[in-house]
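Okay, structure first, notes after.
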Amino acid sequence: MADDEKKLADGEVEESAEAKDWQWDASAPMANENFLDFSNSAEEADEEEEAEEAEKEEADEAVEAVETAEAVEEAESDAEENEEEEEKADESGETPPGYCIICGEKIRNSKSEFYCNECRSKYMKVDYGATHIILSVVMVFIAVFGIVMFTATSKIAGSIGEADKLLKDGKISAASDAYGDVSSTVGTLNERLNAFLQGISTNFETVKFFDAGHKVDKKQAEILSKTFSLSYDDADNFFSLVENSFSEKELNSPKYAQVKGCYDYLKKFFADYTKMNQDLQSAYTPFFEAAYSGEAKADELSKMAKDVTNAVDKYAAEHTDIGNDIVSYFKYSMLYYAQQYYGVKMDSDELFGYVKKAYDEAGKYDYLLYQDVSSFALSVEEYNAVLDAANKALEKNPSNSDAYYFKAFAYLRMEQFDKALEACDKVAEFSTDEFDNVAIKANILRRQGQFLAAADICEAVPAANKSSEISRQEAIAYYLAGDEDNALKYAKESYDSAYAASYNGGAFSLEAINTSALIYKLCGDEEDYDAVIETLKQSDEKLEDSVMAVIKGDSTFEDLFMTGKGDI
Amino acid sequence: MTVFYLISKYATIFGTVIKGLWEHITCGILKLFVEDGRYLEPTELCGHVEHELTDNKAKAFFMCFIPSAVNAILAVFLGGAGFMGLFKLGVKMSEPIFWVYVVLLYLGISFFCNIFPLVEDAMNNWSRLYNSKLTDEEKARNEEIKKQRAQNKALEKEAKKSAKANAKKGAAPVKFKKNSDGGEKIKSDTNIVAKVLLFIPSAILYGGAYLEKYGITFIISIVATALAIILK
């Protein structure tokens with residue numbers, strides 16, 4: 001044991017495997033460290049070995065006493081050296097380099113600079129137990145969960161970031177759509193999570209785990225407060241966003257003054273409108289019933305309409321807290337409803353007067369009514385009113401593609417084609433649908449006499465994105481260019497897609513039907529023409545007078561589409 | 001200071017335990033013996049393991065770097081998810097996921113407060129990489145080792161040569177013994193490329209070890225969270 005320790009201290013233990021490999025005869029007696037024997041005879045070597053062993057045995061006995069004395073002397077000398085070093089170490093408070101910091105012995109060939117091999121094996125070890133394994137497994141699960149959560153949350157945050165960037169760039173409408181997309185991202189994540197859970201066990205109920213957070217709702221409410229037009233559905237969505245995302249304190253802060261103002265205005269608007277609707281039911285119901293029955297004469301209906309507006313005025317006089325904008329809008333919506341759904345011929349100027357007054361009285365919230373006033377103004381050819389309303393809407397939201405669309409249409413009707421094209425390009429810049437402006441642009445180009453250019457931009461639209469109106473414009477452009485085959489082809493395409501749209505809940509476009517019927521007739525496709533007429537008959541409709549005039553030869557196709565308002 | 005350090009360690013107990021675990025595992029990978037494997041001792045070793053210091057530069061670096069990197073990655077993923085959910089998305093308390101994000105944020109902070117190595121380890125790494133110049137004695141010893149190795153090589157070559165010759169003659173092989181260098185390695189200065197490449201991570205580890213020693217990472221986490229709550 002003592003011998004082992006001596007060997008350990010001398011660094012003779014743990015010789016490297018490399019050394020052992022080629023120490024072919026470690027038991028051979030060595031004359032010195034650099035011993036090298038080149039004797040060639042094996043017999044001689046054996047004899048030498050035997051002789052050396054015998055000599056060694058004898059010598060061992062003889063030198064034992066001497067070695068013992070020498071060993072004692074060496075030990076004493078070592079002890080003195082150690083004492084000196086220990087004293088030095090005590091003075092400095094540190095173990096001198098090359099000595100084990102645990103036992104103070106020389107380190108020698110230890111792998112560590114600070115500990116001898118003996119202390120390393122005696123005191124140190126890397127113990128792994130059940131706790132370590134359990135902890136590691138738990139950590140793996142936590143890490144995986146963390147990565148999944150990080151990825152999912154980053155995806156949602158990334159969508160929000162894109163929308164924020166659009167908002168920062170002033171592309172408010174596109175930002176609004178992008179915020180809408182955040183909800184679909186969240187929906188997809190929840191769907192995947194539910195699919196995963198259902199895969200584990202069908203007992204799992206559908207969960208709504210991921211959430212876009214209320215910051216998106218706040219942003220959407222802010223955008224809506226500047227952009228949306230008056231409709232009860234939109235307002236309902238706006239109310240819900242504001243009520244669920246803003247605290248009372250936030251809503252009263254200057255940062256959200258626009259949201260608060262819009263919210264308060266709309267709340268009062270719809271509350272008053274609903275109250276008027278209930279209170280005046282007895283006044284307008286006979287009018288609608290008479291209009292619906294179709295038995296009342298035009299002058300009777302006109303008188304009844306007047307009674308309705310008088311009743312509204314009387315009600316407003318009794319309820320002074322109700323704003324003039326609401327009163328005018330109520331009158332407009334009653335009469336417009338009768339005209340639109342019961343076919344009552346109303347005085348367009350009177351109707352426009354009501355909606356214009358509502359718009360003017362709305363003050364700083366007039367943009368909420370700009371779509372109503374613009375579309376009605378277009379129908380009554382009040383193009384300056386269209387431009388005025390669109391410009392005001394653009395002051396609030398400079399990226400309002402709908403407002404530019406109204407402007408483009410107004411300029412087109414006013415035959416200011418360059419301005420119309422300019423507005424048309426703005427539609428393309430701000431609309432989230434890149435083909436939104438194609439139909440109107442084709443219309444403008446056609447009016448400028450660039451028939452093939454008009455047809456080309458329609459041609460470039462992929463089939464999946466092609467609307468009935470784009471195909472209609474293409475058919476008109478080809479017919480005007482003298483290409484009857486293509487005119488017929490796209491007239492059919494327009495009719496088919498209008499027909500399909502009507503089956504999907506949309507209205508059957510009368511412009512599309514009339515244009516297709518006209519081109520069928522002019523191109524000699526009697527069979528399709530008759531089919532269209534039959535369809536119209538089923539709906540108690542007939543071709544427009546302007547179309548019939550072309551068919552009868554009273555005017556030309558060019559007159560219809562290249563002069564005046566340039567359309568049916 | 002130790003009290004404050006311990007408060008920060010126990011407040012972020014999950015990260016503390018896991019940092020100790022990573023250090024323990026790293027010791028195993030690097031074959032460094034562990035003196036004390038208790039991770040939650042109320043001393044400066046809280047969240048760390050007491051292990052033998054190594055004079056191997058690579059081992060000294062990886063002993064600091066691996067556990068730190070793993071905790072840093074976990075801090076980014078878990079804390080990032082929690083932070084984004086609570087402050088970027090602004091998930092409301094009424095949503096169940098709100099509490100998941102709170103837990104994730106806590107875990108992230110917990111890992112963030114336990115990123116850096118023990119000061120002792122960071123110092124060892126730094127001194128191995130940048131402060132270790134060979135003494136005259138070490139240089140002389142290197143020369144001796146080189147000489148011995150050259151001699152051994154010559155002896156081996158000679159012995160193999162004679163063994164071949166004797167084998168042809170049918171004689172026994174020659175006996176010889178090589179000089180023992182005790183398995184001692186030649187000590188060298190750190191490669192300049194390694195010094196440059198490892199400078200930034202080593203400096204971060206070194207500085208961070210002191211930040212963590214005084215609980216500053218914990219204070220940073222609290223302040224950052226408070227600011228995020230105020231500014232959200």
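A note on names: the letters A, B, ... follow the listed sequences, proteins ahead of strands, and every chain is numbered from 1.
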For this session: Look at B:Ile18, B:Asp36, B:Ile73 and state which one has the largest set of heavy-atom pairs under 4.5 Å with chain A.
Result: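 Greatest number of close heavy-atom pairs with chain A: B:Ile18.
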
Problem set entry | Residues from residues 135-143 of chain A approaching chain B under 4.5 Å (heavy atoms) |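 Counting heavy atoms that sit under 4.5 Å from chain B, the residues of residues 135-143 of chain A involved are A:Leu135, A:Ser136, A:Met139, A:Ile142, A:Ala143.
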
Backbone of [Y] reached by a side-chain donor or acceptor of [X] within 3.5 Å:
X        : Y        : result
A:Asn252 : A:Glu248 : yes
A:His214 : B:Gly90  : yes
B:Glu52  : B:Leu32  : no
B:His48  : B:Leu45  : no
B:Ser127 : B:Asn124 : yes

Problem set entry | Part of A:Ala157 within contact of chain B (heavy atom distance under 4.5 Å) |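 Both the backbone and the side chain of A:Ala157 come within 4.5 Å of chain B.
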
For this session: Let me know if A:Ile147 has heavy atoms under 4.5 Å from chain B in its side chain, its backbone, both or neither.
Result: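 Its backbone and side chain both get close to chain B.
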
For this session: Among A:Thr151, A:Val182, A:Ile156, single out the residue with the greatest number of heavy-atom pairs under 4.5 Å to chain B.
Result: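 With the most close heavy-atom pairs to chain B, the winner is A:Ile156.
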
Exercise. Within 45° of the axis and under 6.0 Å from the centre of the six-membered ring of B:Tyr39, does NZ or CZ of B:Lys19 qualify?
Worked result: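 Geometry flag: not set, cation outside 6.0 Å or 45°.
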
Salt bridge or not between [X] and [Y]? Use side-chain N to carboxylate O under 4.0 Å.
X        : Y        : value
B:Glu156 : B:Lys160 : yes
A:Lys218 : A:Glu250 : yes
B:Lys9   : B:Glu212 : yes

For this session: Below 4.5 Å from any heavy atom of chain A, which atoms of B:Val100 appear? Answer side chain, backbone, both or neither.
Result: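 For B:Val100, the side chain is the part near chain A, not the backbone.
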
Exercise. Checking B:Tyr101 against chain A: side chain, backbone, both or neither under 4.5 Å from a heavy atom?
Worked result: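 Looking at B:Tyr101, just its side chain touches chain A.
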
For this session: Evaluate the criterion side-chain contact (heavy atoms from CB on, under 4.5 Å) for residue pair A:Val207 and A:Asn190; output intermediate values, then yes/no.
Result: CA-CA 7 Å; A:Val207 291; A:Asn190 279 321; 5.8 Å; no

Exercise. Under 3.5 Å, is there a donor-acceptor pair between the A:Asn244 and B:Lys92 side chains?
Worked result: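 There is no such pair (donor and acceptor under 3.5 Å, judged by atom type) between the side chains of A:Asn244 and B:Lys92.
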
For this session: Flag the pair B:Pro42 / B:Tyr10 as yes when at least one side-chain heavy-atom distance between them is below 4.5 Å, and no otherwise.
Result: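 Yes, their side chains come closer than 4.5 Å.
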
Exercise. For chain A, which residues from residues 79-89 of chain B lie under 4.5 Å away (heavy-atom distances)?
Worked result: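 Against chain A, the residues of residues 79-89 of chain B that fall inside the cut-off (heavy atoms, under 4.5 Å) are B:Gly80, B:Ala81, B:Met84, B:Gly85, B:Phe87, B:Lys88, B:Leu89.
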
